[in-house]
Amino acid sequence: MNTKFKSTFKQTKSMLKVDFRRMFTMPLFYIMLGASFVIPILILVMTSMMDGSVTVDPQTGAETVIEGFKNVWQIIGSTSGSSMEISIISMCNINMMFFLIAVLVCIFVADDFRSGYSKNLFTVRPTKTDYAISKIVVGFVGGASMLLAFFVGAMLGGAIAGLSFSLKGASAINVVMCIISKIFLVGIFVSIYVLASVVAKQKLWLSLLLAFGIGMLFFTMIPLITPLDCSIINVILCLVGSVLFSVGFTYLSKLILNKQDIL
Amino acid sequence: MNAIEIRNLTKNFGTKQAVAGLDMTVPVGAIYGFIGENGSGKSTTQKIICGLLKPSGGTIKLYGKDYTDVDIRSNIGVLIESPGCYPNYSVWNNLMLQATNLNIPNKEEEVRKVLKMVRMEGSASNKFKNCSLGMKQRIGVAMALIGKPKLLVLDEPINGLDADGMRIMREVLVDITQNYQCTVLVSSHILGELEKIATHYGIIRGGKMIKEMTADELEINCPTYVAIQTKDMTKAKELLKSKFSRVTEDEENNYIRIYDAENPEQIVMYLYQNNVIVTEIRTDKIGLEEYYINLMKQNKEGK
């Protein structure tokens, strides 16, 4: 048992090294990171330029005033109990990064199968647990980096757009916990995306379809679990959820890889 | 101990049986030429050995252990169909990744060593996708060689290679079995090339092993003969059949073959004395290709 654990640990370590090396040498990761940084700047600057402008419905003549971001923290989250109206503010925020993370993870895993590199990986990995663990860990690090890049971009974008940085109904600690909760939440989503990719193997379109489909079901819970006025309970909840999902989905991914033919 | 020992291996894809009760024994240190028609189950068997396909039944032992054993699996080098490399990565980066994958302590030195073995030192910085087919095959072998594997599983490694590429590949395979004490399971349709390096052979048909033999046994089964051509082939054949016990006609190339002639001069003299002029004479040997074709023919007729 001890020997088995040791060899699994050794194999996971080497798999992690391979995946980290790949992640940090692939252009896609840096493109995603750059996009995560630029998107909030564009959103904040453009919406603040449009803020207060009026659109007129040509048929009814009804006027609609476009409301932009009033406060930079609105792009990070809303305080619990706020109304869930559909507007630019509620749609264009840090939560949409969870879909961009799906693209990164699905391409990252599908590339193993599309290039045939999976043959090298699975020839020396009969258990496949290490493969799933490594993909989730590396996907988590990649996703967390994207969230942080978005946060930094949001701060810069807010400063450029001249938005207020004052916090209403939340403290700085709450905001830090909100970001930490969202980072932990990445674990849940990455586990789902890795499973979807393992099911789809080299079919990238299918893995994206599955990832977006299943991800959508969990997407609505993000603002509820990670409001701007997050407490330690939210952080713990996200951490526990992330660990449980990672363990459960690692097991499922391993089962699928063990049951199916790799090629 | 054998490097590979397979008993009653089966693999079904839906209703189609790709491997149907295959038995195979590959001794340690052998270069095992795995031969068969397209769709006979060679690649499927090799993929199963590498754990890339799940067998439907049977047992596989590698160096006396079950083929799923982690220790033994980390000692397999593989080149199945095409090299498993990331196309946008350089040759060097692909090999470094494989060295990382195998937990090699001195990665750079190991990568340099395998690149030298496959004569690719000058192409390390090339992107894999920009390499020629021959280069890609050699990179595939280099990937398989990293970490001094005990067992190399190569599926059609010389396909698409030019004469020089084939020679290099041949030298590499012989070199690694001699210097690495590595066992090689290699499948190929280019039997002439295989014959130059293989120490053992396995011939598969319809997912079943129909013949396993050593190179020495093949030698015994592939005798030398004297091939002659005359102006009057019918008369020559009649005369030779009356004097020698093993005379056959190679209709395709219009030759008469005599297997039990002690020396070619004896044949020329005998035919000359009977007014038949020999226009061409040579000593030749049945090769693996001919042996294989005859065996396949017999096997089909036997069915």
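Chain naming here is simple, since letters A, B, ... match the order of the sequence lines and numbering starts at 1 in each. Computed from heavy atoms alone, side chains included, the values below leave out hydrogens, waters and symmetry copies.
Your options are A/L257, A/D261, A/L121, and the one with the most heavy-atom pairs under 4.5 Å with chain B is A/D261. Interface check for chain A: of the options B/E81, B/M96, B/K47, B/Q98, the most heavy-atom pairs under 4.5 Å are formed by B/Q98.
Both the backbone and the side chain of A/D112 come within less than 4.5 Å of a heavy atom in chain B. For a residue to count as touching a neighbouring chain, one of its non-hydrogen atoms must lie under 4.5 Å from one of that chain's; by this rule B/L102 touches chain A with the side chain only.
To the nearest 0.5 angstrom, A/M15 atom CE is 10.5 Å from B/T100 atom OG1. Interatomic distance, B/N88 CG to A/D111 CG, rounded to the nearest 0.5 Å: 8.0 Å. Summarising the geometry, atom CD belonging to A/Q11 is positioned 8.0 Å from atom CG belonging to B/N101; distances are rounded to the nearest 0.5 Å.
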**OP:** Would you sort out whether A/R22 and B/Y86 count as a side chain to side chain contact (heavy atoms under 4.5 Å, CB included), showing the intermediate values?
**Re:** CA-CA 10 Å; A/R22 258 192 75 209; B/Y86 295 109; 3.2 Å; yes
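Nearest heavy-atom pair across B/L52 and A/S118 is CD2-O, 4.4 Å. Of all heavy-atom pairs spanning A/N258 and B/K54, the tightest one is O-CD, 2.8 Å. Minimum heavy-atom separation, A/S115 to B/C85: CB-O, 3.4 Å. Among all heavy-atom pairs drawn from A/V124 and B/S74, the shortest one is CG1-CA, 3.8 Å. For the residue pair A/K119 and B/V78, the shortest heavy atom distance occurs at O-CG1, 4.1 Å. Contact record, B/N93 with A/R21: OD1-NH2, 4.0 Å, taken as the closest heavy-atom pair.
Applying a 4.5 Å heavy-atom cutoff, none of the residues of residues 106-130 of chain B approach chain A.
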